[in-house]
Asks: 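Let me give you the structure first, and then I'll get to my questions.
Numbering of residues begins at 1 and proceeds along the displayed sequence. Remember, it's a predicted structure, so these values are computed and weren't measured experimentally.
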Amino acid sequence: MYGSDRGSTEELRQTAAELGELGAAVDVGGHDLDRVQRARAAVVSPGVPPDAEVVRAVRAAGVPLHSEVEVGYLELEDTRFVAVTGTNGKTTTTALLAHLLHRAGVRVEAAGNIGRPLSAVALEAQPPEWIALEVSSFQLHDLHDFAPHVGVLTNLAPNHLDHYHTVEAYYADKARLFRHASAASIWVLNGDDDDVARLAAGVAGQRMCWSLRGQADAWYDRAERLLMLGDRPLLAREELALLGDHNVGNALAAALAARAAGVAVEAFAEAMPSFQPLPHRLEPIREIGGVLWINDSKATSVTATACAIDAVTRPFVLLLGGHHKGGQYSALATALAERRGTVVAFGEAAGLIEEDLARAVRCERAASFDDAVARAHHLACAGDVVLLSPACSSYDAFRDYAERGERFRSLVESL
């Protein structure tokens, strides 16, 4: 058995040493492409993009390539799956669904792109009854036999264009959620998203839709500020401890998925108010001198940042930047101008951000991430929000979005 990773952190080196003691050959800091191309089969880790050099080498050699998710899935024959994908909201919806099932007494685990490998779940002595599985486009790309009992598609918007040549290619990987659709499949779909409707057109199975605009299987009664399940009130908006309309949508999607999994409405309605915001997803950190600091480091696309802007009701300073993923920051200009937003740009994308936004809003360029936080502290006034919602990945300066979010938290707590 051979394993490799182009990274070379202390954690990876320790893992490599442990695997070596078990008899595996492991490289860190790069891949032995000749060895990879002589393999009988290859398993790609979550997060590795389809156009990575090692993946291209495997495909060129005709080596069968499998997602880590599929390895776990094939071992969990008696477990039922709710698969959650989409451009934004996947992790919150997955975690909320797992919370609702757990509080209803179901043996459930959240796995996949949310952080816990599905193959690790498969090694447990007593596998769960249900798995709430977050699947990214990268993971779907190499899934061949995966057929979830319930599938959730939160939304679609251009993303990962630093790896996909076209939006259509990105959407095509999302469409693999439906690859093995049957009459027994249940699909929970965003009824407000035309691209979701087009992608799911003609797919076999039962459909349940949620909407923030009008009545549906699950919907938001904006006038009464109620989350509804059909004609039945589910939850008052004030009881949902999540910021933003997009999180109302995520909650409605999780409710429909819980119902599709056979949970009584009373059980998940009672459990929903106890769900708390996940780290790095519109997570309030603290208020200092009347300024509220919010960590939304997980917002790595323009569309995710647009949702964050919509969720903030006060004037704000927006920290925007990192590694550019191909979106147009100009899409944020109108909302920023209307909401009296000020931008502090940082990282590799700072120049592009200034180019797209400087004519529409006040825009400052920081020398570093730490400098961006310091500038925001200087710019914000009592009553404002400082919002880290970068619209970029973190790989220019951090290991991942979580490390970036933790650095933000540390800097804010030291103010």
Asks: For residues H163 and D51, is any side-chain donor paired with an opposing acceptor at under 3.5 Å?
Replies: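 A donor-acceptor contact under 3.5 Å links the two side chains.
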Asks: Taking all heavy atoms of A366 and all of V344, pick out the closest pair and write down the distance.
Replies: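 Where A366 meets V344 most closely, the heavy atoms are CB-CG1, 4.0 Å.
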Asks: Please assess T9 against R399 for the test side chain to side chain donor-acceptor pair (under 3.5 Å), listing each intermediate value before the final yes or no.
Replies: CA-CA 10 Å; T9 64; R399 181 176 63 249; over 6 Å; no
Asks: If you define the side chain from C-beta out and look only at heavy atoms, does anything of D192 sit under 4.5 Å from S211?
Replies: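 Yes, close enough: below the 4.5 Å cut-off.
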Asks: What is the distance from atom CZ of F81 to atom NE2 of H149, rounded to the nearest 0.5 Å?
Replies: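 So the CZ of F81 and the NE2 of H149 are separated by 8.5 Å.
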Asks: At what distance, to the nearest 0.5 angstrom, does CD1 of I353 lie from CZ of F346?
Replies: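 It is 7.0 Å, given to the nearest 0.5 Å.
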Asks: For E53, is there an ion pair with R56 - N to carboxylate O distance below 4.0 angstrom?
Replies: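 So R56 does not pair with E53 through a salt bridge.
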Asks: Please round to the nearest 0.5 Å and tell me the distance separating atom CZ of R409 and atom CG of L388.
Replies: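 Answer rounded to 0.5 Å: 11.0 Å.
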Asks: Do F138 and H160 make the cut of ring centroids closer than 6.0 angstrom?
Replies: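 Ring centres of H160 and F138 closer than 6.0 Å.
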Asks: Please tell me whether W187 and F178 form a close aromatic pair, meaning their ring centres lie under 6.0 Å apart.
Replies: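 Centroid distance W187-F178: below 6.0 Å, so yes.
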Asks: Looking just at side-chain N and O atoms, do S274 and R103 make a donor-acceptor pair shorter than 3.5 Å?
Replies: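 Checked: S274/R103 side chains pair up, N/O donor to acceptor below 3.5 Å.
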Asks: For T92 and N250, run side chain to side chain donor-acceptor pair (under 3.5 Å): C-alpha distance rounded to whole Å, both residues' side-chain angles, the deciding distance at 0.1 Å, then the answer.
Replies: CA-CA 7 Å; T92 296; N250 293 336; 4.7 Å; no
Asks: Are any of the side-chain nitrogens in E239 or R237 under 4.0 Å away from the carboxylate oxygens of its partner?
Replies: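 No, this pair does not count.
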Asks: Looking only at the side chains, is there a donor atom on one of E68 and S45 sitting less than 3.5 Å from an acceptor on the other?
Replies: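 Short answer, no.
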Asks: In plain terms, say whether E109 and R116 are close enough for a salt bridge, that is, a side-chain N and a carboxylate O under 4.0 Å apart.
Replies: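 The answer is yes: the pair qualifies as a salt bridge.
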Asks: Answer with yes or no whether the side chains of D400 and S394 bring together a donor and an acceptor at under 3.5 Å.
Replies: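 On atom types as modelled, these side chains do not qualify, holding no pair under 3.5 Å.
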Asks: Could you tell me if E18 and Q14 have a donor-acceptor pair between their side chains, going purely by distance under 3.5 Å?
Replies: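 Looking only at side-chain atoms, E18 and Q14 do form a donor-acceptor pair, the distance falling under 3.5 Å.
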Asks: State, to 0.1 Å, how close M228 and L252 come at their nearest heavy-atom pair, and which atoms those are.
Replies: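 Smallest heavy-atom distance, with atoms named: O-CD2, 3.9 Å.
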Asks: At their closest point, which heavy atom of R207 faces which heavy atom of G202, and how far apart are they?
Replies: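 So the two residues come closest at NH2-N, 3.5 Å.
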Asks: Under 6.0 Å between ring centres, would you say that holds for Y329 and H324?
Replies: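 They qualify: ring centres under 6.0 Å apart.
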Asks: Can you find a pair of side-chain heavy atoms, one from I294 and one from F316, that are under 4.5 Å apart?
Replies: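 Side chain of I294 against side chain of F316, heavy atoms only: no contact under 4.5 Å found.
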Asks: Go through R314 and L292 one step at a time and tell me if the side chain to side chain contact (heavy atoms under 4.5 Å, CB included) criterion holds.
Replies: CA-CA 9 Å; R314 292 154 57 171; L292 178 62; 3.9 Å; yes
Asks: Consider only side-chain N and O atoms of T166 and Y171, and report whether a donor and an acceptor are under 3.5 Å apart.
Replies: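 T166 vs Y171: no donor-acceptor pair found between side chains.
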Asks: If we count only N and O atoms by modelled type, under 3.5 Å, do the side chains of S389 and D296 hold a donor and an acceptor together?
Replies: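 Looking only at side-chain atoms, D296 and S389 do form a donor-acceptor pair, the distance falling under 3.5 Å.
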Asks: Looking only at the side chains, is there a donor atom on one of N159 and Y164 sitting less than 3.5 Å from an acceptor on the other?
Replies: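 Not at all, the side chains of N159 and Y164 share no donor-acceptor pair under 3.5 Å.
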Asks: For E238, is there an ion pair with R225 - N to carboxylate O distance below 4.0 angstrom?
Replies: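 Yes.
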Asks: Check this for me: does any side-chain nitrogen of one of R362 and E354 sit under 4.0 Å from a carboxylate oxygen of the other?
Replies: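 Salt bridge absent between R362 and E354.
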Asks: Does the side chain of T300 pick up a donor-acceptor pair with the side chain of K325 at under 3.5 Å?
Replies: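 T300 vs K325: donor-acceptor pair found between side chains.
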Asks: Hydrogens and angles aside, do R404 and S297 bring a side-chain donor and acceptor to less than 3.5 Å of each other?
Replies: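 The criterion, which ignores hydrogens and geometry beyond distance, is satisfied for S297 and R404.
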Asks: Between T94 and L133, does the side chain to side chain contact (heavy atoms under 4.5 Å, CB included) criterion hold? Intermediate values first, please.
Replies: CA-CA 7 Å; T94 301; L133 183 73; over 6 Å; no
Asks: So, taking the atom named NE2 in H246 and the one named CG in L282, what distance separates them when rounded to the nearest 0.5 Å?
Replies: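 Going from the NE2 atom of H246 to the CG atom of L282 covers 4.5 Å.
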Asks: Work out which heavy atom in I131 is nearest to a heavy atom in A111; give both atom names and the distance.
Replies: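 Scanning both residues, the minimum pair turns out to be CG2-CB, 4.2 Å.
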Asks: Can a salt bridge be assigned to the pair D245 and R222 using a cut-off of 4.0 Å between side-chain N and carboxylate O?
Replies: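 So D245 pairs with R222 through a salt bridge.
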Asks: With rounding to the nearest 0.5 Å, note down the distance linking CD1 in I309 to CG in L387.
Replies: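 Going from CD1 on I309 over to CG on L387, the span is 7.0 Å.
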Asks: Looking at T87 and A157, what are the two nearest heavy atoms and their distance?
Replies: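 Residues T87 and A157, closest heavy atoms: OG1-N, 3.0 Å.
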Asks: Ring centroid separation for H323 and Y395, is it under 6.0 angstrom?
Replies: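 No: the rings miss the under 6.0 Å criterion.
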Asks: So, for R286 and E413, which heavy atoms are closest and what is the spacing to 0.1 Å?
Replies: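 So the minimum-distance heavy-atom pair works out to NH1-O, 3.3 Å.
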Asks: Nearest 0.5 Å, what's the CZ-OG1 distance between R281 and T91?
Replies: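 So the gap between those two atoms works out to 4.0 Å.
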Asks: Assess the residue pair D142 and H66 against the criterion (side chain to side chain donor-acceptor pair (under 3.5 Å)); give the C-alpha distance rounded to whole Å, side-chain angles, the decisive distance to 0.1 Å, and a yes or no.
Replies: CA-CA 5 Å; D142 294 304; H66 303 277; over 6 Å; no
Asks: Does the side chain of K174 come under 3.5 Å of the side chain of S137 through a donor N or O and an acceptor N or O?
Replies: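 No - no donor-acceptor pair under 3.5 Å links their side chains.
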Asks: Just checking E10: does its CD atom have more than 12 heavy atoms from other residues, nucleotides or ligands closer to it than 6.0 angstrom?
Replies: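 More than 12 within 6.0 Å, yes.
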